[in-house]
S.K.: 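Submitted below is the structure of interest, expressed as structure tokens.
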Amino acid sequence: MEMEFSPEELAFQQEVRTFIAENYPAQLRGKQDEGDELSKEDFLAWHKVLYEKGWIAPAWPVEYGGTGWTPTQRFIFSEETARAECVKLMPFGLTMVGPVIYTFGTPEQKARFLPRILSGEDWWCQGYSEPGAGSDLASLRTAAVREGDEYIVNGQKTWTTLAQHADWGFFLVRTNKDAKPQEGISFLLIDMKTPGITVRPIITLGGEHEVNEVFLENVRVPADQLVYEENKGWTCAKFLLAHERTGIAGVASSKRGLEKVKEIARTEVDGDKPLLSNAFFKRKVAELEIDLTALEFTELRGLAGPNANKGPGPESSLLKIKGSEIQQRLTELTLEAVGHYGAPYFRGFDEGDNAHPIGPDYAHRAAPTYFNMRKTTIYGGSNEIQRGIIAKMVLGL
Ligand SMILES: Cc1cc2nc3c(=O)[nH]c(=O)nc-3n(C[C@H](O)[C@H](O)[C@H](O)COP(=O)(O)OP(=O)(O)OC[C@H]3O[C@@H](n4cnc5c(N)ncnc54)[C@H](O)[C@@H]3O)c2cc1C
């Protein structure tokens with residue numbers, strides 16, 4: 001397998017690096033360096049820069065606004081944005097509903113929704129999970145009943161990420177109670193300002209408002225916002241979940257995270273020596289680095305292999321499991337490295353405290369990030385579910 005970039009790819013890497021250096025919003029960099037919470041406008045600031053450059057949706061077909069890059073160029077781009085610690089783009093429009101719409105949508109739906117996803121005018125959220133339907137998603141009960149040119153939707157969704165900012169949501173709803181569970185589901189696009197929708201925050205362990213409950217009471221949705229066919233929504237749902245899992249490995253940002261852990265452990269001391277020279281700590285860092293390198297090679301093998309252009313398959317479950325475990329181990333090591341400096345910054349303890357921060361800057365986000373990243377082995381299909389997929393689809397058990 002060829003592991004070196006070609007001269008053209010190296011030139012592309014330099015082009016991306018220069019673009020980021022010259023165009024990444026300075027105010028955003030400042031907030032990130034300070035460890036401040038980012039607003040909707042912050043996330044959209046970088047989105048807009050990439051949109052204006054034409055680089056906002058590298059994986060989309062060119063006819064809908066994609067860049068036409070090779071898989072390796074896309075890999076280089078994600079490596080460079082992670083290396084420069086650019087803020088992550090919201091996936092709900094770009095990686096989730098966008099591909100569903102250009103694959104299954106009508107020409108009118110494509111014309112109406114895709115340009116606004118690209119420009120960042122519409123912020124999307126994902127209404128799949130319900131209190132009784134997470135891993136067993138097909139048991140969802142939110143119901144949509146057709147009345148003339150509208151669907152009337154009633155039910156509840158949960159864990160809906162950043163729904164408080166969303167203009168639109170894509171929802172899985174039950175349109176046939178009598179069919180087999182997977183055969184009675186439809187995929188609806190719903191304007192989040194429609195009367196009858198209530199978004200209620202769920203505050204997570206790290207004290208953040210990232211997820212929500214969404215209640216739908218007699219919400220009237222125009223029937224032309226149904227994607228694909230009534231009762232065929234499961235096809236869209238499965239297609240979208242495979243897309244959700246690609247890029248979930250987060251190799252590039254974990255590489256940057258590992259460098260940061262090493263920097264911290266060179267600064268923090270254990271007795272009179274840098275923490276990084278402590279044999280136990282060093283071993284954990286080395287094990288993580290080996291696992292991360294193995295994951296990177298697995299991802300590259302996918303890029304270079306015979307299935308490179310076929311889109312995500314069940315192998316993406318493997319990347320999701322290892323990638324999420326590594327992300328969690330990184331936050332554990334960071335918290336261990338900052339030691340007691342991490343504790344005061346766990347906002348769950350002392351909401352409203354205005355005491356002057358103590359300890360080094362890099363300690364401020366260690367605890368909230370540690371708690372926040374527990375989610376990675378749950379969302380996008382829990383790691384237990386991914387293991388089931390590998391057993392069945394990859395190993396044929
Ligand atoms: C931070 C965060 C953000 C999220 N954002 C969204 C969002 O924006 N939109 C959305 O729709 N959903 C979202 N989710 C929901 C997520 O998809 C679900 O939490 C996930 O699918 C698991 O479902 P559950 O929480 O109902 O757990 P359950 O399905 O009840 O699972 C509980 C436990 O049992 C295990 N388990 C269940 N079934 C099996 C099985 N067959 N074999 C082995 N083990 C099993 C699970 O692995 C888990 O450990 C988010 C979740 C989190 C944590």
Side-chain angles (χ1 to χ4, degrees), residues 37 40 43 88-98 100 122-142 153 155-174 181-182 185-190 192 197 199-216 233-234 236-245 247-248 250 314 316-317 320-321 323-325 327-328 331 348 368-393 395 397:
E37 216 166 302
K40 178 177 182 178
F43 283 110
K88 287 204 174 83
L89 298 171
M90 281 300 127
F92 304 105
L94 291 170
T95 355
M96 296 188 186
V97 76
V100 168
D122 287 340
W123 179 298
W124 285 80
C125 67
Q126 178 186 26
Y128 274 28
S129 306
E130 297 183 6
S135 303
D136 182 16
L137 188 58
S139 64
L140 63 91
R141 290 190 306 180
T142 294
V153 185
Q156 184 198 339
K157 297 290 174 180
T158 192
W159 307 121
T160 324
T161 300
L162 299 176
Q164 71 269 33
H165 298 321
D167 303 294
W168 283 84
F170 50 94
F171 286 79
L172 289 182
V173 294
R174 184 155 302 288
Q182 285 88 343
I185 291 172
S186 299
F187 193 100
L188 275 188
L189 310 178
I190 304 184
M192 292 299 283
I197 298 183
V199 177
R200 196 180 291 167
I202 302 174
I203 304 301
T204 50
L205 202 55
E208 286 150 337
H209 177 193
E210 184 175 310
V211 284
N212 301 274
E213 294 178 289
V214 176
F215 298 88
L216 302 107
W234 194 247
C236 307
K238 278 194 305 183
F239 170 87
L240 184 146
L241 285 174
H243 271 259
E244 184 179 354
R245 263 166 232 143
I248 215 160
S316 59
S317 296
K320 199 265 163 167
I321 293 174
S324 56
E325 288 174 353
Q327 286 161 21
Q328 291 189 342
T331 65
T369 306
Y370 168 84
F371 286 108
N372 187 277
M373 293 304 272
R374 301 303 96 194
K375 68 190 176 187
T376 60
T377 45
I378 303 171
Y379 68 25
S382 75
N383 283 19
E384 290 77 19
I385 294 296
Q386 305 305 330
R387 287 195 176 88
I389 294 173
I390 292 171
K392 214 166 136 189
M393 310 290 287
L395 302 175
L397 297 175

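Each ligand, and each atom within it, is numbered from 1 in the order the structure gives.
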S.K.: Heavy-atom contacts with Thr161 under 4.0 Å: which atoms of ligand 1 show up? List them by number with element.
M.R.: 3 (C), 4 (C), 5 (N), 6 (C), 7 (C), 8 (O)
S.K.: I want to confirm something. Looking only at heavy atoms, which of Gly381, Gly388, Ser135, Cys125 is nearest to atom 36 (N) of ligand 1?
M.R.: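 Looking at heavy atoms only, the winner is Ser135.
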S.K.: What do you reckon, does Thr160 have a nitrogen or oxygen under 3.5 Å from a nitrogen or oxygen of ligand 1?
M.R.: no
S.K.: Determine which pairs satisfy salt bridge (charged side-chain N to carboxylate O under 4.0 Å, His left out) with at least one residue from residues 376-386, sequence neighbours left out, and list them in order.
M.R.: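 Counting only pairs at least two positions apart or across chains, no salt bridge (charged side-chain N to carboxylate O under 4.0 Å, His left out) contact touches residues 376-386.
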S.K.: Of all the atoms in ligand 1, which lie at a distance below 4.0 Å from a heavy atom belonging to Lys375?
M.R.: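 Under 4.0 Å from Lys375, ligand 1 has these atoms: 1 (C).
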S.K.: Applying side-chain hydrogen bond (donor to acceptor under 3.5 Å, both in side chains), can you list everything that pairs with Glu130, at least two apart in sequence or on another chain?
M.R.: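 Only Thr142, Lys157 meet the side-chain hydrogen bond (donor to acceptor under 3.5 Å, both in side chains) criterion with Glu130.
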S.K.: Has the side chain of Gln328 got a donor or acceptor atom that lies under 3.5 Å from a matching backbone atom of Arg374?
M.R.: yes
S.K.: Output the list of atoms in ligand 1 that are nearer than 4.0 Å to some heavy atom of Ile385, sorted by atom number.
M.R.: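 Counting from 1, the qualifying ligand atoms are 38 (N), 39 (C), 40 (C), 41 (N).
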S.K.: Say whether, by atom type as modelled, one donor and one acceptor occur between the side chain of Arg141 and the main chain of Arg174 under 3.5 angstrom.
M.R.: no
S.K.: Can you find an N or O of Gln126 that's nearer than 3.5 Å to an N or O of ligand 1?
M.R.: yes
S.K.: Taking only heavy atoms of Ser382 into account, list the atoms of ligand 1 that are under 4.0 Å away from them.
M.R.: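 Those atoms are 46 (C), 47 (O).
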S.K.: Tell me whether the rings of Trp123 and Phe43 are parallel (<30°), tilted (30 to 60°) or perpendicular (>60°).
M.R.: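 Because their plane-to-plane angle is over 60°, the rings of Trp123 and Phe43 count as perpendicular.
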S.K.: Counting heavy atoms only, name the option from Gly134, Gly127, Ala163 that's nearest to atom 24 (P) of ligand 1.
M.R.: Gly134
S.K.: For ligand 1 and Trp159, I'd like to know whether there is a polar contact (N/O to N/O, distance under 3.5 Å).
M.R.: yes
S.K.: Does any N/O atom on Ser129 come nearer than 3.5 Å to any N/O atom on ligand 1?
M.R.: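 Min N/O separation from ligand 1 is below 3.5 Å for Ser129.
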S.K.: State whether the side chain of Asn212 and the backbone N or O of Thr160 hold a donor-acceptor pair below 3.5 Å, judged by distance alone.
M.R.: yes
S.K.: If you take the nearest heavy atom of each of Leu162, Val211, Ile202, Thr204, which one is closest to atom 2 (C) of ligand 1?
M.R.: Val211
S.K.: For the residue pair Ala138 and Pro181, what are the closest heavy atoms and their distance?
M.R.: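 Of all heavy-atom pairs spanning Ala138 and Pro181, the closest is O-CB, 3.4 Å.
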S.K.: Short list, please: which atoms of ligand 1 are under 4.0 Å from a heavy atom of Tyr128?
M.R.: 11 (O)
S.K.: Is there a donor-acceptor contact under 3.5 Å from the side chain of Glu325 to the main chain of Asn383?
M.R.: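 Side chain of Glu325 to backbone of Asn383, a donor-acceptor pair under 3.5 Å: no, none is there.
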